[in-house]
Amino acid sequence: MLSVLTRFFVIICVALIAAFVSLSIWGVEIAIAAGIFIISIPLIYAYINLARLRKHILADSLENMSLPSGFWEEVFFRLQRLIRNLKQRIRSIEQQHDHFIEAFQASPNGIVMLDESDQIEWCNSIAERFFGLVFKRDVMQRINFLIRRPEFVQYLQKRIFEEPLLLERMGPNGNLSLMLQAFPFGQKRHLLLVQDVTDLQKADAMRRDFVANVSHEMRTPITVLMGFLETVQTLDLQKDQQDQYFDLMMSQAQRMKSLVEDLLTLANLESNTLPASVSVVKIETLMAMLKNDAEALSQGKHAIDFELSSPMNLLGEEREIHSAFSNLVSNAIRYTPDLGSIKVAWSVNSQGQGEFLVKDSGPGIASEHLPRLTERFYRVDRSRSRDTGGTGLGLAIVKHIANRHQAQLIIESTPGNGSAFMLRFPKDRIATS
Ligand code: ADP
């Protein structure tokens with residue numbers, strides 16, 4: 001390949017030779033014309049190639065342009081290679097960008113990118129949902145015009161982002177608790193990370209309620225017990241009076257014991273995340289035990305009927321099944337006034353599901369209480385529950401045991417018409433032996 005200077009030199013030489021030859025043959029005018037003609041050939045060629053280049057640049061088809069020969073071939077070839085490399089780089093940067101966007105979109109957290117004036121540069125769909133934003137509509141809008149909660153506006157204004165900010169009652173239905181924090185990046189930009197902490201907040205509130213409830217439940221019998229102890233210590237009591245006090249103390253101690261036992265049962269059930277085992281629970285034996293316990297608890301004050309309609313047994317954890325069944329039976333006895341009737345039945349329905357039913361003629365429960373009955377310490381009739389030794393944890397235990405056996409707890413009750421509590425077990429937990 002000849003260099004540009006050499007080419008230039010060659011053209012000038014050829015033009016001069018042509019001019020000299022023409023001069024000696026045809027005279028000055030022809031010599032000048034021949035020189036100009038020779039020099040303008042590469043200029044015309046260059047013009048034609050530049051025009052082609054312009055056409056391909058305008059049509060963005062430089063890579064498809066056919067290469068001319070000679071000097072322009074190299075120029076066009078290098079230009080095409082440059083364009084191809086640039087396009088490839090742009091494509092790979094775009095791909096990287098798309099991957100980042102996909103990763104940010106896949107995040108369970110809301111992400112908002114803010115510029116130095118807190119204008120939204122980008123946000124993912126979770127942030128759109130959390131704050132009711134629409135990225136296409138709200139892009140480059142100042143975020144404090146769109147999220148107008150005073151605590152959030154203040155947080156942005158203060159520019160102290162070391163601590164996160166908790167925003168409650170957020171989201172489309174106003175039921176989300178969001179924890180957000182701004183992190184500086186780039187040139188005075190901020191990345192706003194938003195986490196849905198609704199469940200954590202709920203769990204925290206439940207934990208606080210639980211501790212308060214347990215303390216409250218324990219404080220009453222302890223206070224009563226201490227009162228009796230003081231009385232026995234300070235007063236000179238007769239033997240029969242003393243016995244009476246000891247009985248009362250015993251019943252308070254018993255109440256605490258039941259509470260601690262139920263709490264331990266619940267804690268065990270909650271910590272055991274595996275489904276219940278599938279050992280055979282002999283229903284006939286279990287029903288006989290329940291009958292004995294029920295008669296002892298009722299002391300003949302109720303008409304209790306036990307019905308075994310199916311010889312089928314249950315596959316599950318015997319201790320848990322016994323605890324769930326006896327909780328339902330003892331509730332029926334404790335809440336049904338004297339002379340009331342109670343029916344306890346075991347059957348298998350037409351779909352092969354096992355059904356344990358406890359039906360009583362007691363006071364019944366108003367519908368607004370039904371969904372909350374299985375909450376820990378939820379009581380409809382507080383005084384009756386306490387008077388009869390209830391801990392407020394019985395149905396919570398039943399519900400946990402039901403879940404571990406994939407069973408449903410179905411409660412039907414109307415005030416004045418008694419209650420029916422049924423545990424319905426799936427077909428694959430029913431066995432012949
Ligand atoms: P408790 O130890 O107080 O009985 P449970 O969790 O077993 O706690 O029951 C929760 C509440 O449901 C009880 O306090 C009571 O008000 C109501 N309840 C449960 N079983 C019956 C029933 N058979 N009849 C009427 N009310 C009931």
Side-chain angles (χ1 to χ4, degrees), residues 206 209-210 212-221 251-270 290-291 293-295 297-298 301-306 320-345 355-404 407-424:
M206 269 170 67
D209 281 359
F210 182 67
N213 276 325
V214 172
S215 318
H216 178 78
E217 294 288 334
M218 293 298 260
R219 201 177 51 197
T220 318
S251 83
Q252 293 302 321
Q254 185 59 46
R255 192 170 146 191
M256 284 195 285
K257 185 171 172 260
S258 310
L259 186 65
V260 171
E261 276 171 1
D262 277 2
L263 283 170
L264 285 174
T265 308
L266 252 187
N268 278 338
L269 288 169
E270 278 175 349
L290 291 173
K291 193 164 186 264
D293 295 346
E295 278 160 4
L297 188 64
S298 163
K301 292 176 190 147
H302 307 92
I304 311 176
D305 175 33
F306 274 78
E320 292 182 18
I321 296 292
H322 181 257
S323 161
F325 285 11
S326 79
N327 257 308
L328 295 181
V329 176
S330 81
N331 274 358
I333 296 169
R334 286 169 39 234
Y335 293 103
T336 303
D338 292 356
L339 303 178
S341 61
I342 293 157
K343 179 185 164 186
V344 181
E355 293 181 341
F356 178 75
L357 172 75
V358 181
K359 206 168 176 318
D360 64 53
S361 65
I365 305 161
S367 59
E368 70 264 26
H369 297 294
L370 296 181
R372 301 197 57 192
L373 283 187
T374 56
E375 285 176 23
R376 293 180 285 196
F377 297 113
Y378 188 84
R379 292 174 171 109
V380 182
D381 185 345
R382 279 189 175 272
S383 54
R384 179 130 188 114
S385 163
R386 293 224 169 88
D387 293 349
T388 55
T391 58
L393 297 172
L395 290 180
I397 292 174
V398 174
K399 179 77 182 167
H400 262 90
I401 295 174
N403 286 347
R404 279 179 37 75
Q408 270 177 289
L409 172 63
I410 302 159
I411 309 172
E412 279 172 14
S413 185
T414 25
N417 273 328
S419 313
F421 289 76
M422 182 199 275
L423 279 170
R424 183 176 283 154

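Numbering of ligands and ligand atoms starts at 1, following listing order. FYI, the numbering just counts along the sequence from 1.
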Distance (rounded to the nearest 0.5 Å) between Leu423 CG and Ile411 CD1: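 The CD1 atom of Ile411 is 9.5 Å from CG of Leu423, to the nearest 0.5 Å.
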Spacing of Asp262 atom CG and Glu217 atom CD [to the nearest 0.5 Å]: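 Separation between the atoms: 10.5 Å.
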Steps toward salt bridge (Lys or Arg N to Asp or Glu O under 4.0 Å) verdict (Glu375, Lys399): CA-CA 9 Å; Glu375 285 176 23; Lys399 179 77 182 167; over 6 Å; no
Location of contacts on Phe421 toward ligand 1, heavy atoms closer than 4.0 Å: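 Only the side chain of Phe421 comes within reach of ligand 1.
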With atoms numbered from 1 as shown, which atoms in ligand 1 lie under 4.0 angstrom from a non-hydrogen atom of [X]?
X	value
Thr391	2 (O)
Gly392	1 (P), 2 (O), 3 (O), 6 (O), 8 (O)
Asp381	16 (O)
Leu373	12 (O)
Gly390	2 (O)
Ser419	24 (N)

Glu270/Arg376 ion pair, N-O < 4.0 Å: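 Counted as a salt bridge, because a side-chain N and a carboxylate O are separated by less than 4.0 Å.
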Leu395, any N or O under 3.5 Å of ligand 1 N or O: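 So ligand 1 has an N or O lying under 3.5 Å from an N or O of Leu395.
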N or O pair under 3.5 Å between Val380 and ligand 1: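 So ligand 1 has an N or O lying under 3.5 Å from an N or O of Val380.
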Suppose we measure from [atom] to each protein heavy atom; which comes out shortest, and what is that distance?
atom	result
atom 4 (O) of ligand 1	Tyr335 OH, 2.7 Å
atom 23 (N) of ligand 1	Asp360 OD2, 2.9 Å
atom 19 (C) of ligand 1	Asn331 ND2, 3.6 Å
atom 3 (O) of ligand 1	Ser385 OG, 2.5 Å
atom 11 (C) of ligand 1	Tyr378 O, 3.6 Å

For the side chain of [X] and the backbone of [Y], is there at least one donor-acceptor N/O pair under 3.5 Å apart?
X	Y	value
His302	Ile342	no
Asp360	Gly418	no
Ser341	Ser361	no
Thr265	Glu261	yes
Thr388	Arg384	yes

Parallel, tilted or perpendicular, as decided by the 30° and 60° cut-offs, for the rings of Phe356 and Phe325: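 Parallel, since the angle between the ring planes stays under 30°.
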Ligand 1 contact by Arg334, heavy-atom criterion under 4.0 angstrom: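 Yes; Arg334 lies near enough to ligand 1 that a heavy-atom distance drops under 4.0 Å.
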